[in-house]
Amino acid sequence: MCGIVGYIGNNAVADVLLNGLKNLEYRGYDSSGIALNDNHTIEVYKASGKLGNLYQLYAKHQPQMANAHQGIGHIRWATHGKATIENAHPHISNDGKLVLVHNGIIENYKELRNELENQGFVFHSETDTETAVHLIDREYKLCHNLETAVIRAIKQLKGAFAFCIMHADETDKIIAVRKNAPLIIGIGKDENFIASDIPALIGKTNQILHLNDEEIAIVRKNCVEVKDLN
Ligand code: GLU
């Protein structure tokens, strides 16, 4: 189980994510990635191997995403599928609008994957995680509300997970969910953070909120709402 970082605020998003991931390196990992949401467009950058590979990849594209105000990042410890770029997180929906990172294992991913593939969702990785993206996307297409879609989808998942989720059409929030995998929220001034552990937030904030199991947090720039998933 590896590391997650999320950020919403006015600072340089990619820097916050990459620094946060660097501080989680001690957890061990085999690949990494970040997704930025800039003006309703989501861009994903992923690399296998060391974080330095992701830094280099992002440096080539940086000017394009300089105005992003929210993003999520991940270092992966592969449990389902090899340590390839395709399997690295974030994973994204077929329409390119919904993106997520995940720590943990989705136990019932095989049944869900079959069901989603039969309904026309196209998978691009071998991971258990990608099932969650398409599942939330399927719910989103029905209710057009990220919080509702996440709650409905999570109820269909078995296993252990911490998720950070963003949607291109809901640029005011990042959603965080926790079940049997650690996740914390860092409270800042006009900015908020999500992380799997405190070192990711060193130098950013020391106001930490620990999510309890089966809680969902709707993290906006100026407020954080926490609810029981049930
Ligand atoms: N089970 C997921 C995967 O293999 C997440 C692994 C992790 O927690 O890093 O991609």
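As the structure lists them, so they are numbered: ligands from 1, and atoms in each ligand from 1. Basis for what follows: all heavy atoms, side chains included, without hydrogens, waters or symmetry-related copies.
For K82, the side-chain contact (heavy atoms from CB on, under 4.5 Å) criterion is met by T84, N87, E126, not counting sequence neighbours. Taking the side-chain contact (heavy atoms from CB on, under 4.5 Å) definition, one finds that K173 meets it with E170, I175, I218, R220, sequence neighbours left out.
Separation of atoms OG1 (T129) and NE2 (H80) is listed at 8.5 Å; rounding is to 0.5 Å.
Residue H89 approaches ligand 1 through these ligand atoms, each under 4.0 Å from one of its heavy atoms: 2 (C), 3 (C), 5 (C), 10 (O). Near H74, the atoms of ligand 1 lying under 4.0 angstrom from a non-hydrogen atom of the residue are 9 (O). Ligand 1 places these atoms under 4.0 Å from at least one heavy atom of H80: 4 (O). Close approach of ligand 1 to T129 is summarised as follows: ligand atoms under 4.0 Å from at least one heavy atom of the residue are 2 (C), 3 (C), 5 (C), 10 (O).
In this comparison of R27, R76, H91, the heavy atom closest to atom 3 (C) of ligand 1 sits on R76.
The shortest N or O to N or O distance between T79 and ligand 1 is below 3.5 Å.
Using a 3.5 Å distance cut-off with no hydrogens or angles, the side chains of N230 and E214 do pair a donor with an acceptor. Under 3.5 Å, the side chains of D197 and Y26 contain a donor-acceptor pair of N or O atoms.
Across every non-hydrogen atom of Y7 and N11, the tightest pair is OH-N, 3.1 Å.
When heavy-atom distances to ligand 1 are checked against a 4.0 Å cut-off, T127 comes that close only through its side chain, counted from C-beta outward. Proximity of D128 to ligand 1, defined as any heavy-atom pair under 4.0 Å, is confined to the side chain (atoms from C-beta onward).
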Exercise. Should L17 and N19 be marked as a side chain to side chain contact (heavy atoms under 4.5 Å, CB included) after you check the CA-CA gap, both sets of side-chain angles, and the distance that decides it?
Worked result: CA-CA 6 Å; L17 299 178; N19 289 336; over 6 Å; no

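For the ligand labelled ligand 1, residue G104 lies inside the 4.0 Å heavy-atom shell.
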